[in-house]
Amino acid sequence: MMATTALVWFRRDLRVHDHPPLRAALDAFERVVPVFVLDPRLLEGRFESEYRAAFLLDCLKDLRKALQERGGNLVVVRGTPEQELPRLAREHGATATYFASDVSPFAMGRDQRVEAALTEAGVEPRRTPGNFIADIGKVKPYSVFSPFWRAWRELPRRDVLGAPRTVTVPSNLAVGTIPAPGKRGDQHGGEAAGRRQMLAFDPATYDDARVNMALQTSRLSAYLHFGCVSARELETRSSGKFARQLAWRDFYAHVLLKHPRNTRHAHQAEMDAIEWEGEDEHFHAWCEGRTGYPAVDAGMRQLAQTGWMHNRARLITASFLVKDLHIDWRRGEQHFMRYLIDGDVAQNNGNWQWISSVGVDPAPLYRRFYNPTLQLQRHDPDGDYVARWAPDSQTITPIVDHAVERKRTMEAYGRARGT
DNA sequence: TGGCTATTTCA
DNA sequence: GAAATAGCC
C-alpha cells in the first residue's frame, strides 16, 4: 500500500523551526512534499524588487539545505500555485496540502483560488497559523493600536515548535533548480542567517539604536517578512519597546486582513480627496536622494544602495514626500516596496498611511509633521549618518522650504476634509 | 514616535 | 540671552 502523503506549501514562512504547517503534516502523514512555487507574477509584478528577489532566492537555497539535512528536500517549481499544487499532489498521491494563512489581498485571492483548485482535485487544503504572533483574525476589527494591543496581549499563544529531526519525502522527487540570485542588498536571506541575527540581538540595545540613525536596530525585519525567523519565537526573546514593535506588526496585518481596500485607498475615505499637487521632478529628486535635506537624502540613498533604511529615516523621508513635496503617499509606498528587502504590503502600507495621516490610529495632522532639519539634529547628533550616506547633500540647494510647504499641507488636508 | 511661537525662568 | 515651559496648530 502507498504511503500517505501531504504537500507542505511554503510561501513566506521559509524556515524549519516553529513551522506549524510542516509539523502538522509530519504528524499526520508518513511523507511530505515541501514545495515552493516561484510565481512569475511575484517576481515580475507591480512590486518587482531586485534586492527582495535575491533575498528570497537565498532563503530557498537555505531552506532546501535545512530540509536536506533532515533527509528531505524542497521542490521548487515555476508557475502558478493553483496549477502546480494539484499537479504535484496527483503526481505523489498527496491527499492534503498544508500552508500558513496570510493577510494581503493578493495572498487571500490566490489562496482562495488554490483551495478551490485543490478541492476540485480531491486534495484537502489545510490552513494553519504561522506568520504572526497571535491569531489576528480572531478578534473584532480594531482601528486604534492601544485597544488592539490590550486585546492582543490576552490572546492565546501557540507553543513554539522545534525543527523536525527528520523529514521523509517520496524517493522520486523532481526538486527543480533555484535560480541564481541577482543583485543583493546588504543582507543574505535564509533561516540560518536569520537565526544567527536573532540569537545575537539584544532587545536592550534597541532603544538606543532606534533614536540614532547611525546605529542599526534589530535588522530582523527582512527575516520576519520571509519567515526565516518566527515572530512567535522572537516574541519569547523580546521585551520592552521591541516587544511593542512586534505587536505593531500583528496590528498592521490585522488591519489589512479586515480592510483589504487599504492597499489602494486611504483608510479614512475622505482623505482620498486630497489633491496631490507635487511635481514629478520633486518625486525623482526624492527617490534619488538629492532634495538638499541631508536627513532625507541620506535615508533615500541608504535605501537604494542597501535595501534597508533606519526606522527613523523612514519616518523622515516619508513625511517629507507627503507633507513637504505634496506627493501621493501611494507613490512613496511603491518606491519603498521596490527597494526594501523587508518590503511587506501590510507593514509598508500601514506605516505610509500612518505618516500621511490618512490611515488607522488617527492622530491630529500637526502630530505628523517632521521637520527634517530638527529631526537630523536629534537623531544624527554626531553627523555620522549623513557622513556615511549623503555627505554632499549640504551643498545642494533645498528643493522646497519646509516652513512654507507645511502650511500648504495644512490647507490641502483641510480642503479634503471640507473644513 | 511634532513643532512653532510666545512667554517665563534663570544664569 | 539661552533654556525651559505653555499653548496652540
Side-chain angles (χ1 to χ4, degrees), chain A residues 142-150 152 203-218 220-221 238-252 255 267-268 271 274 293-296 298-299 302-303 308-326 329 332-333 336 340 342 344 346-381 385 398 400-419:
Chain A
Y142 286 89
S143 57
V144 180
F145 176 73
S146 296
F148 169 85
W149 192 45
R150 281 191 290 275
W152 174 87
T205 64
Y206 180 70
D207 293 9
D208 285 341
R210 196 172 160 71
V211 296
N212 186 338
M213 295 192 288
L215 304 178
Q216 303 229 320
T217 48
S218 76
L220 287 168
S221 53
S238 305
S239 60
K241 290 198 176 123
F242 183 75
R244 197 180 156 91
Q245 283 311 114
L246 286 179
W248 274 97
R249 180 175 179 274
D250 270 27
F251 176 58
Y252 279 142
V255 168
H267 183 81
Q268 300 172 43
M271 292 292 99
I274 296 171
Y293 283 93
V296 175
Q302 180 181 34
L303 174 64
W308 186 77
M309 204 199 302
H310 189 279
N311 169 262
R312 175 56 51 169
R314 297 189 196 197
L315 297 179
I316 297 169
T317 55
S319 168
F320 189 78
L321 182 76
V322 174
K323 305 281 175 74
D324 292 287
L325 299 182
H326 317 292
W329 55 273
E333 179 192 12
F336 271 29
L340 283 173
D342 62 40
D344 180 292
Q347 306 306 315
N348 193 46
N349 177 268
N351 279 304
W352 271 96
Q353 293 215 28
W354 184 90
I355 201 73
S356 307
S357 314
V358 302
V360 292
D361 208 39
L365 182 58
Y366 53 81
R367 291 286 301 278
R368 298 285 178 264
F369 278 108
Y370 286 68
N371 179 323
T373 311
L374 286 180
Q375 288 286 317
L376 187 64
Q377 286 167 15
R378 238 176 259 170
H379 298 289
D380 186 29
Y385 187 64
V400 293
D401 177 341
H402 172 71
V404 174
E405 305 311 330
R406 189 192 141 104
K407 290 198 182 68
R408 275 183 71 194
T409 295
M410 303 271 277
E411 289 160 12
Y413 275 63
R415 283 196 297 277
R417 264 191 234 100
T419 57

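Numbered from 1 within each chain, the chains take letters A, B, ... in sequence-line order.
Here B:dG2 is the nucleotide among B:dT1, B:dG2, B:dC4 with the atom lying nearest to any side-chain atom of A:Q375. Taking only side-chain atoms of A:W248, from C-beta outward, the nucleotide of B:dG3, C:dC9, B:dT1 with the closest atom is B:dT1.
A:I316 contributes atom CD1, which lies 9.0 Å from atom CD1 of A:I355 (distance to the nearest 0.5 angstrom).
One atom, CG of A:L315, and another, C1' of B:dG3, lie 15 Å apart when rounded to the nearest Å. Atom-to-atom, CH2 of A:W354 to P of B:dG2 comes out at 7 Å; the value is rounded to the nearest Å. For the pair A:R406 CZ and C:dC9 C1', the interatomic distance rounds to 7 Å; values are reported in whole Å. Per the geometry, CG belonging to A:L365 stands 13 Å off P belonging to B:dG3, to the nearest Å. When rounded to the nearest whole Å, the span between CZ of A:F369 and P of B:dG2 equals 14 Å. Taking atom NE2 of A:H402 as the reference point, atom P of B:dT5 lies 10 Å away to the nearest angstrom. Residue A:F145 contributes atom CZ, which lies 11 Å from atom P of B:dT1 at whole-angstrom precision. Across the protein-nucleic acid pair, A:M410 atom CE and C:dC8 atom P stand 15 Å apart, rounded to whole Å.
Residue contacts shown for A:R210 include a base, since a base heavy atom lies under 4.0 Å away. Within the nucleic acid shown, A:R378 comes within 4.0 Å of sugar-phosphate atoms alone, with no base atom in reach, counting heavy atoms only.
At least one side-chain nitrogen or oxygen of A:R312 sits closer than 4.0 Å to the OP1 or OP2 atom of B:dG2. The side chain of A:N371 contributes an N or O atom lying less than 4.0 Å from OP1 or OP2 of B:dC4.
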Return a table of donor-acceptor pairs under 3.5 angstrom between the side chains of residues 359-371 of chain A and protein atoms on other chains or two or more places apart.
residue : atom : partner : partner atom : Å
A:D361  : OD1  : A:F145  : N            : 3.0
A:N371  : OD1  : A:T373  : N            : 2.9
A:N371  : OD1  : A:L374  : N            : 3.2

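Checked against a 6.0 Å centroid threshold, the rings of A:W352 and A:F336 count as neighbours. The six-membered or imidazole ring of A:F251 lies away from that of A:Y142, with a centre-to-centre distance of 6.0 Å or more.
For the residue pair A:S357 / A:K323, a side-chain donor-acceptor distance below 3.5 Å is found, with atom types taken as modelled.
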